[in-house]
2 protein chains.
Amino acid sequence: MDGTPESARPPAGRTRIQERNRAAILEAGLAVFSSLGFSGATLDRIAREAKLSKPNLLYYFPSKEAVHLALLENLLDAWLAPLRALDPEGEPVEEVLAYVRRKLDLARDFPRESRLFANEVLRGAPHLSGVLGGDLAQLVAEKSALLDRWMDEGRLARLPSKHLVFSIWALTQHYADFETQVRAVLGEGHDPFAEAGEFLDTLFRRLLAP
Amino acid sequence: MDGTPESARPPAGRTRIQERNRAAILEAGLAVFSSLGFSGATLDRIAREAKLSKPNLLYYFPSKEAVHLALLENLLDAWLAPLRALDPEGEPVEEVLAYVRRKLDLARDFPRESRLFANEVLRGAPHLSGVLGGDLAQLVAEKSALLDRWMDEGRLARLPSKHLVFSIWALTQHYADFETQVRAVLGEGHDPFAEAGEFLDTLFRRLLAP
DNA sequence: CCTCTATTTGACCAATCGGTCAAAGGCACG
DNA sequence: CGTGCCTTTGACCGATTGGTCAAATAGAGG
């Protein structure tokens, strides 16, 4: 039935050494993929960063693509959590502002994840097309309906709700994905994310006030 | 004095055939680099797209990097033109809104250029570091000063002007760079750029009104 | 101690990469 | 028609790539 020889793949991820090595590979893969892109990254480089030999890395993951895929899957949950947390029972404007803040915190604390995602979408999301048109589209549709309801109730300014979501993504991720440019333009003596926090708070407060 | 043998490089770009082939290579390079990234792109692929043999391509450009560099240089002028056009004599709010519109038009009409640029900045802008910290930073500083002046005069809402510029870049380029995601979320029957035009007009009008 | 399985690795491979080179065509112009 | 330059190309090269494999090494359990 199953043609794959048992000896060719590691047993289910249980032992401590397996956990440690898989984690080291994912950490190294994140560092390398996010700074070189999928094609620019090499297995040798990832293995070296993880302090493993290349064949040893391939003992834990069957291919370069598998490492990349595992990273994207891990990423997505954390990435969408802030949007999921949008609470129908909360105060509309404050809910959206809290979402903006959470998303900006993600960009500040996990810029490599942000760049990994950006790289993938830029290439047309060959590893994500299913999720984008599936879970993601559904989640946004759901939350977009909530926003529409709030607008109907006059508790939020009337806006195309999906574009409102886009604007939150664009503005927060920009500070992670284009960090090089942001820092070059601002010059020294700036804390980009702190300033962005205040600015985005102002922006969305003005935009959303009914 | 000049160690480079004259026969090794094409004579100055004059003849019609030179012009045609250099243009074909740049067009092909733009298509390939913007969709595969620098490392993912191959000379064979670019040459095939340009309908040239690989050695023939290398007759016009000395290396893969040279093609990439030429593209980025061509790009920058067009990319910064809308910001340059911000007119100190104009009506502040309308000037900024016109800038937003021009930038969105660029994203709509030249999405490949936008993605090429995004790819480069994402990697830390190894081919652009000079420009980012030089011409770009200077241009933004200049226009940022103009925005500050308008704010001082009470003709524009008080905002951190450089972050205002970032927000314009982020919101317009998002529709080109993340087009895959935008289309997946919106579903069919939408014109992303047309909707974005209206939305961004509203957004910045509310944000900027004194 | 032995044995069985999990882990690690050096050596290796075919494919592809960016780039070179010498020679062959094409073309303008005297 | 012949000469000289511009253009094009097939063949080739060393380096690097993702990935394989058989054999060596650890470790756990008896």
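Proteins get letters first, then strands, A, B, ... in listed order; numbering begins at 1 in each.
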Looking for any heavy atom pair under 4.0 Å, which part of the strands does B:Ala41 touch: base, sugar-phosphate only, or nothing? sugar-phosphate
A:Arg108 charged N/C atom sitting above A:Tyr175 aromatic ring, 6.0 Å / 45°: no
Rounded to whole Å, the OH-P distance (A:Tyr60 to D:dG18) equals 20 Å
The test is side chain to side chain contact (heavy atoms under 4.5 Å, CB included); show your working for B:Leu208 and B:Leu164 and say whether it passes. CA-CA 10 Å; B:Leu208 295 172; B:Leu164 172 59; 3.8 Å; yes
Using whole Å, what does the distance between atom P of nucleotide D:dG18 and atom CZ of A:Phe61 come to? 16 Å
In whole angstrom, give the distance that lies between atom CZ of B:Arg22 and atom P of D:dT8. 14 Å
Can you establish whether the number of heavy atoms outside B:Phe193 located under 6.0 Å from its atom CZ is more than 12? yes
Specify the separation, in whole Å, of atom NZ of B:Lys54 and atom P of D:dC13. 14 Å
Using OP1 and OP2 only, check whether a side-chain N or O of A:Asn21 sits under 4.0 Å from C:dT8. yes
Value in whole Å for how far the P atom of D:dA22 lies from CG of A:Leu58: 16 Å
Check the distance between C:dG18's C1' and B:Phe33's CZ and give it to me in whole angstrom. 11 Å
May I have the distance from B:Arg48 (atom CZ) to D:dT9 (atom P), rounded to whole angstrom? 15 Å
Any idea which of C:dG10, C:dC21, C:dT7 is nearest the A:Pro55 side chain? C:dG10
Could you say whether A:Thr42 or A:Pro62 is positioned toward the 5' end of DNA chain D, judged by the nucleotide with the nearest heavy atom to each? A:Thr42
Nearest-angstrom distance from the residue atom CZ of B:Arg16 to P of D:dT7: 12 Å
A:Gln18 side chain N/O closer than 4.0 Å to the phosphate oxygens (OP1, OP2) of C:dA6? no
Does any donor-acceptor pair link the side chain of B:Lys64 with the base of C:dG19 at a separation under 3.5 Å? no
Check the side chains of B:Ser144 and B:Ser161 for a donor-acceptor pair under 3.5 angstrom, ignoring hydrogens and angles. yes
Looking at C:dT9, I'd like to know if its phosphate oxygens (OP1 or OP2) sit under 4.0 Å from a side-chain N or O belonging to A:Asn56. yes
Sidechain N-carboxylate O distance under 4.0 Å for B:Glu27, B:Arg112: yes
Check whether any side-chain N or O of B:Tyr59 sits under 4.0 Å from OP1 or OP2 of D:dT8, and answer yes or no. no
